[in-house]
Amino acid sequence: MNVLLCSINTLLKGLYDISGVEVGQHFYWQIGGFQVHAQVLITSWVVIAILLGSAIIAVRNPQTIPTDIQNFFEYVLEFIRDVSKTQIGEEYGPWVSFIGTLFLFIFVSNWSGALLPWKIIQLPHGELAAPTNDINTTVALALLTSLAYFYAGLTKKGLGYFGKYIQPTPILLPINILEDFTKPLSLSFRLFGNILADELVVVVLVSLVPLVVPIPVMLLGLFTSGIQALIFATLAAAYIGESMEGHH
């Protein structure tokens, strides 16, 4: 009986260690004159490898009559095209790849944090987790979105794009400029806050109750992680469509 209890305690301790979250600690690499978060680069490379591997599988041997795998990838492409077309309009074509990259990177990143046992790999400092668990990643994605909708507006309207800042009245100039700064900020904190909150909830539940109770919450986290990727991609497409229309 004592051996059984010790085994159960060891198992629970291992599960608790795997589910733990280290906040504010990072494993740094020095690249050139810059100090970077190594754990974010490592997990990002894994996510990119998964996406590239999936793309190679998708285009390796296309069939006139699609197989199950080809059907799946075609469904994903159609889904991304529908999101882009709904938010951007008829000129959505050139932006499908950008919106799709955002959606797939965030989606796979979020799910990798929930499904892959990152925490088994020990680092000198910090821990491996989903790339979107680091605010630097979410800020970078948000700034890319910001650059994209400025580019879309300038490409479509030229310098006349900046005329939107004084419409319908020049008095709104500061508010309109502030709005463009808050767009990437809200995208970044929405994604980062939801992913971090989900991990913290699981950690608290694991520390308070048996693992069988947090499991449904972890499964719910998979669903909400997918929704967060969809929200980010949808808002990014909406901002791009808005800049091309030239009004708020």
Item to check | Over all atoms of both residues, closest heavy-atom pair of Trp95 and Ala152 | outcome: CZ2-CB, 3.4 Å
Checklist entry - Roughly how far apart are Leu144 CG and Leu102 CG, rounded to 0.5 Å? => result 7.0 Å
Checklist entry - When clusters are formed by joining ILVMFWY residues with side-chain heavy atoms under 4.5 Å apart, either directly or through shared neighbours, do Tyr92 and Tyr151 land in the same one? => result yes
Next on the checklist: Do Leu141 and Ile106 have side chains that approach each other closer than 4.5 Å (heavy atoms only, starting at C-beta)?
Outcome noted: yes
Item to check | Within-4.5 Å side-chain heavy-atom neighbours: Ile240 and Phe98 | outcome: yes
Checklist entry - Given the rule in the side-chain contact (heavy atoms from CB on, under 4.5 Å) test, do Ser44 and Phe105 qualify, once you have shown the distances and angles that lead to the verdict? => result CA-CA 9 Å; Ser44 295; Phe105 180 80; 4.2 Å; yes
Checklist outcome for this item: CG (Leu235) and CD (Glu242) are apart, to the nearest 0.5 Å, by 10.5 Å
Checklist outcome for this item: Taken to the nearest 0.5 Å, the spacing of Asp82 CG from Leu77 CG works out to 9.5 Å
Checklist outcome for this item: Minimal heavy-atom distance between Ser112 and Val47, with the atoms involved, is OG-CG2, 4.0 Å
Item to check | Interatomic spacing from CG in Leu51 to OG in Ser109 - rounded to 0.5 Å | outcome: 7.5 Å
Next on the checklist: Working note: Val76 + Ile80, criterion side-chain contact (heavy atoms from CB on, under 4.5 Å); need CA distance, chi angles, decisive distance, verdict.
Outcome noted: CA-CA 6 Å; Val76 173; Ile80 293 170; 4.0 Å; yes
Next on the checklist: Let me check something: do Ile48 and Val46 share a hydrophobic cluster, defined by ILVMFWY side-chain heavy atoms less than 4.5 Å apart, either directly or through other members?
Outcome noted: yes
Checklist entry - If you look at every heavy atom in Thr43 and Pro131, which pair is closest and at what distance? => result OG1-CG, 3.6 Å
Item to check | Ile57 and Ile69: CA distance, side-chain angles, deciding distance, side-chain contact (heavy atoms from CB on, under 4.5 Å) verdict | outcome: CA-CA 9 Å; Ile57 293 173; Ile69 295 178; 4.1 Å; yes
Item to check | Approximate separation, where rounding is to 0.5 Å, of Asn110 CG and Ile227 CD1 | outcome: 11.0 Å
Next on the checklist: With side-chain contact (heavy atoms from CB on, under 4.5 Å) as the criterion, how do Phe232 and Thr145 come out once you've worked through the C-alpha distance, each side chain's angles and the decisive distance to 0.1 Å?
Outcome noted: CA-CA 10 Å; Phe232 194 103; Thr145 303; 3.7 Å; yes
Checklist outcome for this item: Correct closest heavy-atom pair for Lys157 and Met244 would be CE-O, 3.6 Å
Checklist entry - Distance-only, no hydrogens or angles: does the Thr86 side chain make a donor-acceptor pair with backbone N or O of Val83 under 3.5 Å? => result no
Next on the checklist: Would you say Leu52 ends up clustered with Ile50 if hydrophobic residues are merged whenever their side chains have heavy atoms under 4.5 Å apart, either directly or through other cluster members?
Outcome noted: yes
Item to check | Parallel, tilted or perpendicular: rings of Tyr239 and Tyr149 (30°, 60°) | outcome: perpendicular
Checklist outcome for this item: So CZ of Phe72 and OG of Ser54: to nearest 0.5 Å the spacing works out to 8.0 Å
Checklist entry - Distance-only, no hydrogens or angles: does the Thr101 side chain make a donor-acceptor pair with backbone N or O of Ser97 under 3.5 Å? => result yes
